[in-house]
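We count residues from 1, following the sequence as given.
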Amino acid sequence: MRKTGYIIALLALTLSWASCDNGYDCDLNNISHNNITFYTLADGQEVPYTEYSPLTVSLMVNGKDSIMVNHITEAAGVSLPMSYAQETDTVVFHYDDTTCDSLYVTHINKPFYQSMECGILMFHQIEKIRSTNVWIENAAIINNTVNFNGHENIRIYFYQ
């Protein structure tokens, strides 16, 4: 009888543990990122650009400068979160203490309902971009859908 009680208790514990697994794998990093890559044009060819001095990249949020990446060197690009509350994100590229460029990314926020357990995620659709032209020669939208796939969204062309 004692053995039967042990087996029933073990079976009940196993069933209760299995019932806690709902089968949903909610993404822990539920913020979609804008993937910006750096290029230059050399003899009419696009070439990855990594020859800048240490670069600091920040976002302007509610009029305040928030550093996202500090003093990177030889990076092929950056991956930055996008705002849920603003229609235009301002990305500032600080090349040194006195020189910087700004990239203005106008986007539409698109709520995406994943599940009751995971909640609502926010994707974005880039509508247009513009930039200042201190070191940035041009900027182009490569993929206007910003989600969790990690694809390149914006390509920046620096002067050579």
Side-chain angles (χ1 to χ4, degrees), residues 18-42 45-97 99-160:
S19 67
C20 291
D21 183 17
N22 60 14
Y24 291 102
D25 290 330
C26 298
D27 193 349
L28 295 178
N29 183 13
N30 61 359
I31 299 173
S32 51
H33 286 80
N34 182 5
N35 296 300
I36 303 171
T37 55
F38 305 147
Y39 282 84
T40 191
L41 294 174
Q45 300 291 322
E46 293 181 352
V47 178
Y49 187 74
T50 59
E51 297 178 21
Y52 43 79
S53 59
L55 176 66
T56 298
V57 181
S58 59
L59 291 174
M60 292 296 289
V61 179
N62 297 326
K64 295 184 181 179
D65 195 6
S66 299
I67 294 175
M68 302 305 290
V69 181
N70 196 16
H71 287 96
I72 58 172
T73 58
E74 299 182 16
V78 292
S79 182
L80 303 172
M82 295 188 75
S83 172
Y84 294 179
Q86 302 177 134
E87 293 179 356
T88 301
D89 291 348
T90 303
V91 181
V92 182
F93 298 92
H94 303 273
Y95 308 113
D96 55 38
D97 290 338
T99 310
C100 67
D101 268 314
S102 295
L103 175 70
Y104 305 95
V105 181
T106 302
H107 59 87
I108 296 172
N109 298 325
K110 297 195 168 247
F112 175 75
Y113 177 75
Q114 184 173 12
S115 70
M116 194 163 155
E117 290 78 10
C118 299
I120 296 175
L121 308 175
M122 190 67 74
F123 294 156
H124 310 277
Q125 181 177 340
I126 299 172
E127 293 291 302
K128 66 180 180 175
I129 58 174
R130 64 183 174 84
S131 68
T132 57
N133 299 108
V134 177
W135 281 25
I136 296 177
E137 182 175 5
N138 192 14
I141 299 171
I142 303 301
N143 179 2
N144 70 340
T145 302
V146 179
N147 52 27
F148 302 138
N149 66 12
H151 294 159
E152 175 186 29
N153 298 107
I154 296 174
R155 187 172 290 177
I156 292 181
Y157 297 94
F158 288 102
Y159 289 110
Q160 182 159 356

Asks: I'd like to check the ring pair (Phe, Tyr, Trp, His ring centres under 6.0 Å) partners of Y159; sequence neighbours left out, ordered by chain and number.
Replies: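 Partners of Y159 by the ring pair (Phe, Tyr, Trp, His ring centres under 6.0 Å) criterion come out as none, since no residue qualifies.
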
Asks: Would you call P48 and Y39 a side-chain contact if the rule is heavy atoms closer than 4.5 Å?
Replies: yes

Asks: How many angstroms lie between atom CG of D89 and atom CG of L59, to the nearest 0.5 angstrom?
Replies: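 That separation rounds to 6.5 Å.
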
Asks: Under the side chain to side chain contact (heavy atoms under 4.5 Å, CB included) criterion, do H33 and V146 qualify, and how do the steps go?
Replies: CA-CA 6 Å; H33 286 80; V146 179; 5.7 Å; no

Asks: Quick one: closest heavy-atom pair of Y84 and N109, and the distance?
Replies: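 Closest approach of Y84 to N109, heavy atoms only: O-ND2, 2.7 Å.
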
Asks: Should we say atom CD of E51 is surrounded by more than 12 heavy atoms from elsewhere, each under 6.0 Å from it?
Replies: no

Asks: Any idea which heavy atoms bring I120 and P111 closest together, and the distance?
Replies: CG2-CB, 3.8 Å

Asks: Find out whether F158 and I136 are in side-chain contact, i.e. whether some heavy atom of one side chain is under 4.5 Å from a heavy atom of the other.
Replies: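 In contact.
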
Asks: Pairing donors with acceptors under 3.5 angstrom, does anything connect the side chains of N35 and S79?
Replies: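 Yes - a donor-acceptor pair under 3.5 Å links their side chains.
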
Asks: Between R155 and E46, which heavy-atom pair has the shortest distance, and what is it?
Replies: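 Heavy atoms of R155 and E46 come nearest at NH1-OE1, 2.5 Å.
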
Asks: Mind listing the closest non-hydrogen atom pair of E152 and N143 along with its distance?
Replies: O-CB, 3.2 Å

Asks: Take Y49 and Q160, measure what side-chain hydrogen bond (donor to acceptor under 3.5 Å, both in side chains) needs, and give me the verdict at the end.
Replies: CA-CA 9 Å; Y49 187 74; Q160 182 159 356; over 6 Å; no

Asks: Using 0.5 Å steps for rounding, measure from the OG atom of S32 to the CG atom of N149.
Replies: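 Rounded to the nearest 0.5 Å, the OG-CG separation comes out at 9.5 Å.
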
Asks: Under 3.5 Å, is there a donor-acceptor pair between the side chain of D101 and the main chain of F93?
Replies: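 Not confirmed, D101 side chain does not pair with F93 backbone.
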
Asks: When you compare the side chain of V91 with that of V78, does any pair of heavy atoms fall below 4.5 Å?
Replies: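 Sidechains of V91 and V78: no contact.
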
Asks: State whether the number of non-hydrogen atoms from other residues, nucleotides or ligands found under 6.0 Å of E87 atom CD is greater than 12.
Replies: no

Asks: Could I get the full list of salt bridge (Lys or Arg N to Asp or Glu O under 4.0 Å) partners for E137, not counting sequence neighbours?
Replies: none

Asks: Between N34 and I126, is any pair of side-chain heavy atoms under 4.5 Å apart?
Replies: yes

Asks: Kindly say whether Q125 contributes a backbone atom to a donor-acceptor pair with the side chain of T145 at under 3.5 angstrom?
Replies: no

Asks: Between L55 and Y95, is any pair of side-chain heavy atoms under 4.5 Å apart?
Replies: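 They are in contact (side-chain heavy atoms under 4.5 Å apart), so the answer is yes.
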
Asks: Measure from the side-chain N and O atoms of T132 to the backbone N and O of S102, and report whether any donor-acceptor pair falls under 3.5 Å.
Replies: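 Present.
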
Asks: Can you classify the ring geometry of H124 versus H107 as parallel (below 30°), tilted (30 to 60°) or perpendicular (above 60°)?
Replies: perpendicular

Asks: Measure the CD1-CD1 distance between I154 and I141 for me, rounded to the nearest 0.5 Å.
Replies: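 It comes to 6.5 Å.
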
Asks: With rounding to the nearest 0.5 Å, note down the distance linking CD1 in I142 to NE2 in H151.
Replies: 13.0 Å

Asks: Calculate, to the nearest 0.5 Å, the distance between atoms CD1 and CD1 belonging to I129 and I156 respectively.
Replies: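 These two atoms lie 7.5 Å from each other.
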
Asks: Taking atom CG of L103 and atom CZ of R130, what is their separation to the nearest 0.5 Å?
Replies: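 Between atom CG of L103 and atom CZ of R130 there are 9.5 Å.
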
Asks: Please give me the minimum heavy-atom distance between H71 and T56, naming the atom from each residue.
Replies: N-OG1, 3.2 Å

Asks: Give the minimum heavy-atom separation between I72 and A75, together with the two atoms involved.
Replies: CD1-CB, 3.7 Å

Asks: In this structure, are over 12 heavy atoms from other groups packed under 6.0 Å from E127 atom CD?
Replies: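 More than 12 within 6.0 Å, yes.
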
